[in-house]
Amino acid sequence: MANVLIVGGGAAGLMAAGAAVRQGHKVTVLEHMDKPGQKILVTGKGRCNVTNDCTAEEFLRHVRTNPRFLFSSLGAFPPAKTMELFEGLGVELKVEWGRRVFPVSDKAEEIRLALLRYAEGAEIVHDGAKKLLLEPLAPAEEPAAAPEDPRHTKKKKPGPAARCVGVRGTSGKEYRADAVLVATGGLSYPTTGSTGDGYRLAQQAGHTIVEPVPSLVSLVSHDPDCKKMMGLALKNVTLTLFEDGKAIFDEQGEMLFTHFGISGPLTLSASSHLGDMKKHTYYAEIDLKPALSEEQLYDRITRDFALLANHAAQGALVKLLPSSMQPVMVARWGIDPATKANQITREQKRELVHLCKHWKVPIDARGDLAHAVITSGGVSVREVDPKTMQSKKALGLYFAGEVLDVDAYTGGYNLQIAFCTAQSFANNL
Ligand SMILES: Cc1cc2nc3c(=O)[nH]c(=O)nc-3n(C[C@H](O)[C@H](O)[C@H](O)COP(=O)(O)OP(=O)(O)OC[C@H]3O[C@@H](n4cnc5c(N)ncnc54)[C@H](O)[C@@H]3O)c2cc1C
């Protein structure tokens with residue numbers, strides 16, 4: 001039986017606690033917020049998209065950063081096991097569009113309470129982890145040097161240099177443990193408790209932190225048209241994201257114009273493809289009518305204009321576009337607003353088709369980290385064992401959940417990452 005200390009009582013921390021208790025370990029969870037699992041309450045717009053009902057193979061296609069790191073943990077604890085676990089805890093589940101799994105109650109609180117029930121038997125202590133307690137490895141603990149072989153001149157990577165024996169809390173109290181799991185989450189939505197502490201703890205043990213950037217986040221555009229159409233949600237459109245003129249993301253779905261740029265599910269997914277915005281230029285192109293080819297759209301517009309022959313330009317667009325987009329389209333089109341539908345030339349119709357198929361939105365920045373769904377970046381997975389989640393820098397130190405440099409699209413994938421990495425930790429102690 002090991003003495004296990006878990007830093008962070010979020011999705012990963014509570015899952016790890018429950019699994020470790022079931023393995024017979026003595027478990028303490030340090031949580032610096034008044035209540036554990038606060039982020040769970042804001043997930044899925046308060047409904048908690050708890051996982052995605054897909055196979056491990058399909059799942060990995062939705063992981064944006066370091067999917068290979070998850071091979072082992074996801075194979076051992078795939079979405080089916082998450083569903084089984086919650087159902088076993090009394091949560092009825094339903095599968096919605098895109099195989100997103102939600103509680104039938106549509107209440108994220110139900111998932112939080114189920115996780116707390118699962119973690120029963122662990123002691124939850126209200127304190128923050130300030131510092132890792134690290135001790136140099138005793139000579140007997142150091143990994144044995146490989147016998148010299150002149151054929152292999154490649155230098156061996158250094159093994160762990162220290163052992164983590166616990167944590168000093170912000171209260172000043174020391175918590176000693178055989179295994180310390182850092183499950184402190186990322187940097188987004190800091191009001192839920194994830195304030196990036198895990199990165200500082202990891203750095204203390206010599207870990208590399210891949211720069212944390214907001215992901216699954218709204219995008220900022222200086223284009224005044226966005227503000228003019230703020231609140232307009234477009235369904236069944238295609239958004240293509242271009243990096244230095246090359247398409248790097250292309251998907252159909254729903255998006256939204258806001259006072260600062262664009263948002264909505266398509267935008268959030270596109271955001272996880274952005275690279276270094278100081279080095280590259282980005283713009284989004286929206287195909288407002290993806291179901292129609294340019295020719296089909298031209299014919300459709302021609303029919304509309306014949307029906308609305310005496311309407312001025314904006315009025316001629318009533319069947320084609322939502323009302324808040326019509327004046328903006330007329331301005332972009334550059335047509336005299338007084339032009340009657342039956343006076344619009346072929347060339348002007350072709351221009352309109354082009355605008356509908358390639359509505360351009362320059363992208364200037366990511367939305368801020370505080371409002372991102374997840375943080376991309378974090379503890380480099382090169383320095384963590386993918387099977388056990390143990391640090392390669394310090395024995396007895398482990399990581400799980402969003403603190404790791406692993407992230408995925410929306411759809412229940414990110415909670416599943418927290419769950420499977422947590423289970424891998426507990427089941428390999
Ligand atoms: C608005 C929003 C909606 C989302 N919706 C979904 C969704 O529907 N489906 C999905 O799969 N994912 C969703 N996510 C992402 C998902 O919530 C996270 O990926 C997941 O919660 C990560 O789990 P975690 O345990 O690693 O971190 P967290 O859940 O952030 O938990 C970390 C915990 O550690 C505690 N902590 C931090 N530092 C310390 C410290 N020094 N000492 C003690 N405790 C500490 C924090 O208070 C917190 O309780 C959403 C995220 C947001 C912001």
Side-chain angles (χ1 to χ4, degrees), residues 3-21 25 27-43 48 73 108 111-112 114-116 118-133 164 166-171 173-175 177 179-205 207 209 212 369 373-375 377-379 384 389-391 394 396-407 414-426 429:
N3 218 332
V4 176
L5 182 70
I6 296 172
V7 182
L14 294 174
M15 181 60 88
V21 165
H25 301 298
V27 183
T28 306
V29 179
L30 283 195
E31 171 54 57
H32 66 175
M33 296 292 281
D34 286 345
K35 286 185 191 161
Q38 286 305 293
K39 186 168 274 176
I40 296 166
L41 297 179
V42 300
T43 57
C48 189
S73 57
I111 298 294
R112 190 183 84 92
L115 274 175
L116 283 170
Y118 185 58
E120 263 170 30
E123 187 190 1
I124 300 183
V125 177
H126 177 52
D127 198 356
K130 198 171 176 200
K131 222 173 160 219
L132 296 180
L133 302 175
C164 181
V167 152
R168 176 166 302 121
T170 40
S171 64
K173 196 173 162 192
E174 280 192 0
Y175 302 87
V180 174
L181 174 71
V182 175
T184 46
L187 265 173
S188 57
Y189 277 67
T191 46
T192 63
S194 41
T195 46
D197 287 359
Y199 307 141
R200 289 182 278 279
L201 296 173
Q203 273 172 325
Q204 205 199 316
H207 277 278
I209 303 300
L369 197 43
V373 171
I374 48 157
T375 308
V379 177
V384 179
M389 302 296 141
Q390 181 160 213
S391 156
L397 178 65
Y398 301 78
F399 300 94
E402 203 177 317
V403 71
L404 288 163
D405 180 24
V406 187
D407 58 87
N414 287 297
L415 279 171
Q416 177 64 33
I417 291 173
F419 297 149
C420 70
T421 51
Q423 286 278 346
S424 272
F425 154 74
L429 272 172

Report task. Could you tell me the separation between the CD1 atom of Ile111 and the CG atom of Leu41, rounded to the nearest 0.5 Å? Result -> 11.0 Å
Query raised in the report: What distance do His207 atom NE2 and Asp405 atom CG have between them, rounded to the nearest 0.5 Å?
Result: 13.0 Å
Report task. Starting at OG1 of Thr195, measure out to CG of Leu187 and round the result to the nearest 0.5 Å. Result -> 7.5 Å
Query raised in the report: Under a 4.5 Å cut-off applied to non-hydrogen side-chain atoms, are Met389 and Leu404 in contact?
Result: yes
What donor-acceptor contacts under 3.5 angstrom involve side-chain atoms of residues 120-128, with partners at least two apart or in another chain?
| residue | atom | partner | partner atom | Å |
| --- | --- | --- | --- | --- |
| His126 | ND1 | Glu31 | O | 3.3 |
| His126 | ND1 | Met33 | O | 3.0 |
| Asp127 | OD1 | Thr170 | N | 3.4 |
| Asp127 | OD1 | Thr170 | OG1 | 3.0 |
| Asp127 | OD1 | Ser171 | N | 3.2 |
| Asp127 | OD2 | Ser171 | OG | 2.5 |
| Asp127 | OD2 | Tyr175 | OH | 2.6 |

Query raised in the report: Is there side-chain contact between Phe419 and Leu115, with at least one heavy-atom pair below 4.5 Å?
Result: yes
Query - Under the side-chain contact (heavy atoms from CB on, under 4.5 Å) test, residues paired with Ser194 that sit two or more places apart - result: Lys39, Thr192
Query raised in the report: Closest approach of Ser73 and Thr421, non-hydrogen atoms and distance?
Result: OG-CG2, 4.2 Å
**Report entry** Considering all heavy atoms, the nearest Ala426-Ala20 contact
**Finding:** CB-N, 3.6 Å
Query raised in the report: Where is the tightest heavy-atom contact between Thr375 and Glu402, given as atom of each residue plus distance?
Result: N-OE2, 2.9 Å
Query raised in the report: Any salt bridge (charged side-chain N to carboxylate O under 4.0 Å, His left out) pairs touching residues 180-200, not counting sequence neighbours?
Result: Asp197-Arg200
Query - Interatomic distance, Leu415 atom CG to Ile40 atom CD1 [nearest 0.5 angstrom] - result: 7.0 Å
Report task. From the options Val180, Leu181, Val403, select the one residue that forms a side-chain contact (heavy atoms from CB on, under 4.5 Å) with Val7. Result -> Val180
Requested in this report: Could you pull out the closest heavy-atom pair between Ala202 and Ile209, with the gap in Å?
Outcome: CB-CD1, 4.0 Å
Query raised in the report: Which pair of non-hydrogen atoms, one from Gly185 and one from Tyr199, has the smallest distance, and what is that distance?
Result: O-OH, 4.3 Å
Report task. Provide the closest heavy-atom pair for Leu397 versus Ala205 in the form atom of the first, atom of the second, distance. Result -> CD2-CB, 3.7 Å
Report summary line: To the nearest 0.5 Å, atom OH of Tyr398 lies from atom SG of Cys164 at 10.0 Å
**Report entry** Reported CD-to-CD distance for the pair Gln416 and Gln423, which is rounded to 0.5 angstrom
**Finding:** 9.5 Å
